[in-house]
Each structure stands twice: as C-alpha cells, then as structure tokens.
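Here the structure comes first, spelled out in structure tokens, and everything after it is commentary.
Only this structure's heavy atoms are used, side chains among them; waters, hydrogens and symmetry mates stay out.
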Amino acid sequence: MIRKIRVVCILLAAGVLCPGCGNRAKAVQSDAIKTQVTQNVYVSEEEADEETPYFMEEKDTVETEIESDPDEGDMAEAEEETLKAEEKERPKVKGIFVTGPMAGTSHMENLIELVEDTELNAMVIDVKNDEGRVTYDMQTPMVEELGSGIRYIQDMEALVVKCKEKNIYLIARIVAFKDPFLADMKPEWCIHNADGSVFKDKGGLAWLNPYNKEVWDYLLAIAEEALHMGFDEVQFDYIRFSTDSGMEDVDFGQDGEEKDRQEIIDDFAAYAAEKIHEAGGIVSADVYGMVIDSEVDQRIVGQNYVGLSKYLDYISPMVYPSHYGPYNYNIPVPDAEPYKLVLTALQSSKKVLAGIPVGTVSGNMEKEYTMEEVAALLPMEGVCARVRPWLQDFTATWVKGHIPYEAEEIRAQIQAVYDAGYEEWILWNASNRYTKDGLLGADE
C-alpha cells in the first residue's frame with residue numbers, strides 16, 4: 001500500500017486546514033441567501049451526457065520548533081506557518097472525471113496521455129459509484145462483509161502508482177447517500193416510507209438515510225482506505241437528499257424530527273472532515289450549482305453552501321449551464337451562454353461566501369459590483385473551502401435551445417472561472433470523452 005508522509009505539525013493545527021477557519025464544530029447557516037428557484041432544473045449526473053497534491057513523496061518530516069511553554073502568540077504563529085506550507089503544497093487542480101469501468105480498461109492510458117499532453121493535472125476516479133459499488137477489491141471489513149466491491153479496476157494500487165509517476169493528483173469520488181446496492185443488503189440503513197417500506201425515487205433507486213450514523217461510518221471506512229491506497233483527496237458526491245417529490249412523506253426516524261436536512265448534512269461534513277484530516281487527507285464535496293444562492297433548493301437537497309464551506313477543504317458547485325432553467329440569472333437559455341452562466345453563478349459564489357447579500361438564480365436585483373471587485377472578494381471568517389467548480393464537457397441534447405459543446409464552449413467556461421476570481425476546475429463527461437482542443441497544452 002502507498003502511504004503518505006505528512007507534515008508532523010498539521011495535526012497540531014486544531015483541526016483547521018486554512019487561515020480563518022475557526023472552529024469546525026460550529027455550523028453556520030447563511031442568512032445572506034434570499035431566493036426562489038422556479039423550474040424543473042434538476043438533471044441527474046448520469047443524464048448529464050446523453051451522447052452515449054497533497055502528495056509528498058518520501059519527504060523528510062518537517063518539524064516546527066516551538067518553545068516548551070509557548071504563549072498563544074507563538075502557537076498561532078507556528079500554526080499559521082504550518083497552514084501556509086500546506087496551502088503551498090496543494091496543486092491548482094484542473095481535472096477530469098473517470099468512471100470505474102473506464103479506469104479499469106486500456107482506455108485509461110488515453111486519459112493519462114490526455115493529462116500529460118495538456119494543462120490537466122488531476123483525475124477524479126470513482127471509488128464508490130452511483131450504483132453503490134466500490135470499484136475495486138477494497139480490503140476493508142465493512143466492504144468485504146457487505147460484498148459491495150466489484151473489480152472494475154483489477155489493480156488499483158498499480159493504477160495509483162502509475163498516476164503518481166505522472167504527477168497526477170488523485171481524487172477519490174465517493175457517492176454518499178444514493179446507494180441502490182444497499183437496499184437489499186442493509187435496508188435498515190435506507191430511507192423508509194411512512195409504511196415502513198424502503199423509499200425509492202422515480203428511477204427506482206434507494207437512498208441511504210443521512211441521519212443514520214452507521215452509514216457515516218461505512219462511507220468513512222471507504223474514504224480512509226482510499227487515502228491509504230494513495231489518493232490525495234476524498235470527494236463526496238450525492239452528499240444530499242433525493243429531490244423526488246415522494247420525499248415529502250418519508251420517515252427519517254427520531255433524529256429527523258430534531259434536525260432539518262441542512263443541519264444533518266452539515267454534521268456529516270464536519271464528521272467526515274475530522275476523520276479524513278486525521279487520516280492525513282483532504283476532503284471535498286459536490287453540490288448543486290443552484291444552492292449557491294437559493295434557500296429553496298438548499299432546503300430541498302439539504303446543502304447549505306456557506307454551512308458546508310465551514311468544514312470542507314474544497315466545495316465543487318456543479319455549474320453546468322444545461323442544469324439551469326430558462327431565465328435563471330436572466331439568461332433565456334443558460335445552456336446557450338456558457339460563459340455568462342458560469343461567470344454569473346461563480347460571482348454569486350464569491351459574494352455569498354463573502355457574506356454579501358446577492359440576487360438569485362431567478363434574477364432578482366442586487367447591488368452592482370465590477371468584475372474586478374467581485375473577483376477580489378475574500379471569504380468571510382470561518383469559511384475554509386476553496387471553490388473548485390464542475391464544468392460541462394458534453395452536449396445537452398435534451399435541453400430546448402441547446403448548443404453543441406465543443407472547444408470554444410469548454411474554453412469559455414474555463415475563462416469564466418478565472419474571471420470570477422477562482423483558479424481550479426474539473427470537467428464532467430459521463431462517458432469520459434473530453435474535448436482536447438478546449439484545453440491548453442502542457443507547456444502553455
């Protein structure tokens with residue numbers, strides 16, 4: 001197994017991984033978001049394509065010399081230096097998504113070559129996928145007991161070694177609460193209808209109950225093993241509730257009466273961050289783009305953009321233009337204006353995380369800021385997460401008024417990320433077919 005050698009004093013940093021994070025144990029609800037979303041804008045990640053490091057190699061341990069009885073000032077200074085060192089080590093991720101089946105075939109060589117030949121430097125690889133299956137023979141008791149492993153990737157250790165030889169930053173994607181596999185194996189872990197039957201969404205898929213702490217431990221066992229395998233970062237997807245209308249009648253148990261959806265998802269993020277940091281890793285999560293500035297959507301899916309940003313190292317809003325309804329952000333067909341949609345959504349992210357009241361995806365009025373002013377905004381105290389959005393590298397043929405997404409559209413979205421004041425991004429294509437002409441060369 002590949003093990004990471006981490007900076008000794010990181011664990012002395014009181015659980016925080018960026019300046020100004022404050023206490024990770026406090027959930028903060030955003031009162032800067034006033035909004036209402038209109039249309040049927042939810043499209044599953046699987047439908048998103050109808051066409052078809054922190055890694056330190058054998059480095060010496062860094063020791064920070066502190067007096068035997070340091071005062072608060074000395075300790076704060078040492079902690080700040082440690083945090084600055086860690087921030088410096090993290091790459092500016094420019095990544096792509098890779099499924100388990102793809103990672104386990106010879107086509108993976110083509111994707112590795114794509115990363116080598118272009119500005120890309122990272123891969124998000126499925127470790128626990130949308131089916132609830134762990135994509136390789138993971139040697140951890142809970143996975144073995146449940147039989148959730150499936151050998152899409154025959155030798156994950158060898159794949160990790162190969163990617164590391166190419167200096168590719170590896171992110172383990174772990175689908176959290178959507179899990180049809182465990183509906184039969186662990187029905188008691190699932191969301192239930194009022195009559196006691198397992199809840200299934202309109203696609204016939206079961207979901208794990210976010211209020212169940214055994215579910216948390218299962219997800220974290222997978223996450224920790226992925227880090228031991230050599231992944232640099234754990235990224236949770238579907239860290240939310242189902243958007244199906246049937247969710248109005250489900251029974252979450254006693255805990256569901258005491259905490260709302262946003263609170264319990266925040267609690268999971270805090271717990272996951274603590275465990276992953278203890279294991280020497282970095283934690284991120286995917287969220288709907290609409291939750292950036294929509295209280296309605298936050299309540300439905302349980303994703304509070306500011307709240308989650310208190311605990312995560314990275315937050316990845318899925319700002320796919322195709323996922324926004326007509327006239328969101330006053331754009332008639334968001335899919336047809338990729339630069340404007342991504343820029344506007346990420347500018348809203350900048351404002352929300354800075355504590356500035358904003359307009360909404362429905363186009364409410366807001367105070368005017370110049371592009372430069374927005375890009376220069378800093379997050380308010382307590383916000384830890386860097387923003388690393390998911391971008392669209394697929395043509396949304398199901399959207400009325402859609403346009404083909406080719407090199408120009410990919411580049412437009414990437415430029416929008418930079419113009420909004422952010423530096424990192426990941427491309428999504430469910431079939432892993434990426435537009436090389438939309439990427440810069442490795443030396444550009």
Side-chain angles (χ1 to χ4, degrees), residues 10-11 13-35 54 76 79-80 82-84 86-87 90 174 176-177 210-211 213 216 219-220 223 233-241 258-279 281-295 297-299 301-318 346 348-358 377-389 421-422 424:
I10 289 174
L11 295 180
V16 295
L17 289 176
C18 60
C21 286
N23 188 345
R24 286 186 179 272
K26 260 186 173 179
V28 177
Q29 299 294 324
S30 169
D31 56 3
I33 305 170
K34 302 181 175 109
T35 190
Y54 196 98
E79 183 176 305
E80 183 177 355
T82 299
L83 297 174
K84 285 180 179 178
E86 173 155 329
E87 289 286 305
R90 297 189 197 176
I174 295 177
F177 298 117
Y211 290 93
K213 302 304 191 296
W216 295 14
L219 295 173
L220 266 297
E233 178 179 327
V234 170
Q235 181 188 87
F236 290 104
D237 201 356
Y238 288 90
I239 179 174
R240 63 175 178 85
F241 291 80
E258 297 173 0
K259 290 188 176 183
D260 65 27
R261 297 181 187 185
Q262 295 174 70
E263 289 174 320
I264 199 63
I265 295 298
D266 276 359
D267 285 352
F268 171 73
Y271 179 80
E274 179 183 3
K275 295 297 183 181
I276 289 171
H277 292 154
E278 287 176 356
I282 292 169
V283 60
S284 60
D286 305 331
V287 299
Y288 273 128
M290 282 71 69
V291 304
I292 291 173
D293 50 13
S294 169
E295 286 183 340
D297 288 279
Q298 289 178 32
R299 288 194 295 270
V301 301
Q303 293 176 336
N304 183 292
Y305 196 63
V306 173
L308 289 170
S309 296
K310 298 286 183 177
Y311 307 109
L312 302 170
D313 299 308
Y314 293 88
I315 191 164
S316 293
M318 298 177 287
L346 293 181
S348 187
S349 168
K350 274 279 185 175
K351 295 171 189 175
V352 166
L353 295 181
I356 297 173
V358 299
L377 289 173
L378 297 176
M380 58 185 159
E381 184 177 359
V383 171
C384 295
R386 292 183 183 179
V387 175
R388 183 200 288 151
Y422 293 124
E424 305 183 47

Original post:
If we only count heavy atoms from C-beta on, is the Asp237 to Ile174 side-chain gap below 4.5 Å?
Top reply: no
Subject >> Cationic N near anionic O, under 4.0 Å, Arg388 to Glu233 >> reply: yes
Subject >> Heavy-atom side-chain proximity of Leu353 to Val306 below 4.5 angstrom >> reply: yes
Subject >> Minimal non-hydrogen separation, Ser309 against Ile315, with atom names >> reply: OG-CD1, 3.7 Å
Original post:
Can you name the closest pair of heavy atoms from Lys275 and Leu220 and give their distance?
Top reply: CB-CD1, 3.6 Å
**OP:** Check whether any side-chain heavy atom of Tyr288 sits under 4.5 Å from a side-chain heavy atom of Ser294, and report yes or no.
**Re:** no
Original post:
To the nearest 0.5 Å, how far apart are CD1 in Ile239 and CD1 in Ile265?
Top reply: 6.0 Å
Subject >> Gln262/Arg299 under side-chain contact (heavy atoms from CB on, under 4.5 Å): CA gap, chis, key distance, verdict >> reply: CA-CA 6 Å; Gln262 295 174 70; Arg299 288 194 295 270; 3.4 Å; yes
Subject >> With Lys259 via side chain to side chain donor-acceptor pair (under 3.5 Å) - residues at least two apart >> reply: Asp267
Subject >> Test side chain to side chain contact (heavy atoms under 4.5 Å, CB included) applied to Ala176 - qualifying residues, sequence neighbours left out >> reply: Leu219, Phe236
Original post:
Tell me, do Pro317 and Leu346 make a side-chain contact under 4.5 Å, heavy atoms counted?
Top reply: yes
Original post:
Under 4.5 Å between any side-chain heavy atoms of Gln235 and Asp286, yes or no?
Top reply: yes
**OP:** Measure the acute angle between the ring planes of Phe268 and Trp216, then classify it against the limits of 30° and 60° as parallel, tilted or perpendicular.
**Re:** perpendicular
Subject >> Pair Lys310-Val383, side-chain contact (heavy atoms from CB on, under 4.5 Å): steps then yes or no >> reply: CA-CA 5 Å; Lys310 298 286 183 177; Val383 171; 4.3 Å; yes
Original post:
Could you state the interatomic distance from OG (Ser284) to CZ (Arg386), rounded to the nearest 0.5 Å?
Top reply: 12.0 Å
**OP:** Evaluate the criterion side-chain contact (heavy atoms from CB on, under 4.5 Å) for residue pair Tyr305 and Asp297; output intermediate values, then yes/no.
**Re:** CA-CA 11 Å; Tyr305 196 63; Asp297 288 279; over 6 Å; no
Original post:
Which atom names give the shortest non-hydrogen contact between Leu312 and Ala285, and what distance separates them?
Top reply: CD1-CB, 3.7 Å
**OP:** Kindly indicate whether the side chain of Lys350, heavy atoms from C-beta on, has any atom under 4.5 Å from the side chain of Tyr422.
**Re:** yes
Original post:
Nearest 0.5 Å, what's the CG-OG distance between Asp293 and Ser348?
Top reply: 3.5 Å
Original post:
With no hydrogens and no angle check, is any side-chain donor or acceptor of Glu263 less than 3.5 Å from a backbone partner on Asp260?
Top reply: yes
Original post:
Which value, rounded to the nearest 0.5 Å, describes the distance between Gln298 atom CD and Arg240 atom CZ?
Top reply: 14.5 Å
**OP:** Determine, stepwise, if the pair His277 / Asp313 fulfils side-chain contact (heavy atoms from CB on, under 4.5 Å).
**Re:** CA-CA 10 Å; His277 292 154; Asp313 299 308; 2.8 Å; yes
